[in-house]
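Predicted model, so just to flag it, every value in this text is computed and none were measured. Residue numbers begin at 1 in each chain, while the letters A, B, ... track the order of the sequences.
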Amino acid sequence: MDAFTVVADPTRRRILDELRGRERTVSDLVSALGVAQPTVSKHLRVLRDSRMVASTVDAQHRRYRLEEQGLRELDEWVSAFRRLWTTRLDALEAHLDGRRR
Amino acid sequence: MTETVRREGDRIVLRYERFLPHPVDDVWRAITDPEQINAWWGTKPEIDLRVGGDYVSYHATGDRVVDRIVRLEPPHVLAHTFWQHLNPDALVTYELTEIGNGTQLVLTHEMTENDLRNAAEKMKWDGDIYDLMSRTAAGWPRLLTALNSSL
């Protein structure tokens, strides 16, 4: 599953939001999202496979957190998207400056 | 220059704002005259400059893309669809405001999550910028925030 498809799902986006700046267990996520545990686990598996979340086990709890790698891939897409217009506007500006000279 | 990304309902809005030290009429011509557009965009479009008129652009990939002019208020507002066959609700708007002898340009590019999703389904990844753009993940402004707060 590519990164686009992964984040196109609203529940997965909510999970990513919940993990901002903190670790959460599956039961934390179940109560925060109000979604059944098997559903949360299914989505966590997808997020883990695409390396957007990672987990560590401490005592009997598995804690999930955001992981850089998968998110970086998205960030690269976003950057490319933003560059499109930035580049065009730079070119427009250079064009106008050149005409005045 | 400022650049923002925000969500308005189901729409994702990219907004760029910059001051151009040129009269508004010059800027207007630069964004509506095909010869001038060729000079800065890199390809020459065919423009039927009226509301409802076609805005036909050509791309490095060989694509001929027919868009439509949605708003036209010379020399202040030009809005047209953007790859409407892939992104039926996407809109690019140029707004020009005179400030002294210069012009404040506000460019917005808005699209819905559905636009992005449909486009992603129709196109295959090949590294092309438009492909990249149309595949850009729905919900990425939130993810960007997530990324910023996690790194």
key: Nearest non-hydrogen partners of A:Leu96 and B:His22, listed with the distance   =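 That would be O-CE1, 3.2 Å.
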key: Nearest atoms (heavy-atom pairs only) where B:Arg18 meets A:Asp90   =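 That would be NH1-OD1, 2.8 Å.
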task = Report whether B:Val70 and B:Val106 are members of the same hydrophobic cluster (ILVMFWY, side-chain heavy atoms less than 4.5 Å apart, transitive linking).
result = no
ask   = When clusters are formed by joining ILVMFWY residues with side-chain heavy atoms under 4.5 Å apart, either directly or through shared neighbours, do B:Val77 and B:Phe82 land in the same one?
value = no
inquiry  = Given heavy-atom pairs under 4.5 angstrom as the criterion, report whether the side chain, backbone, both or neither of B:Ile37 touches chain A.
reply    =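 It is neither, since no heavy atom gets under 4.5 Å.
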Straight-line distance of [X] [atom1] to [Y] [atom2], nearest 0.5 Å:
| X | Y | atom1 | atom2 | result |
| --- | --- | --- | --- | --- |
| B:Leu20 | A:Asp97 | CG | CG | 8.0 Å |
| B:Trp40 | A:Arg88 | CH2 | CZ | 8.0 Å |
| B:Tyr16 | A:Leu89 | OH | CG | 7.5 Å |

ask   = Looking at residues at least two apart in the chain, or sitting in another chain, which of them share a side chain to side chain donor-acceptor pair (under 3.5 Å) with B:Lys44?
value = B:Glu35
query = Looking only at heavy atoms, which of residues 92-99 of chain B get nearer than 4.5 Å to chain A?
reply = B:Val92, B:Tyr94
request  = Answer yes or no: are there more than 12 heavy-atom neighbours, outside A:Arg51 itself, under 6.0 Å from its atom CZ?
outcome  = no
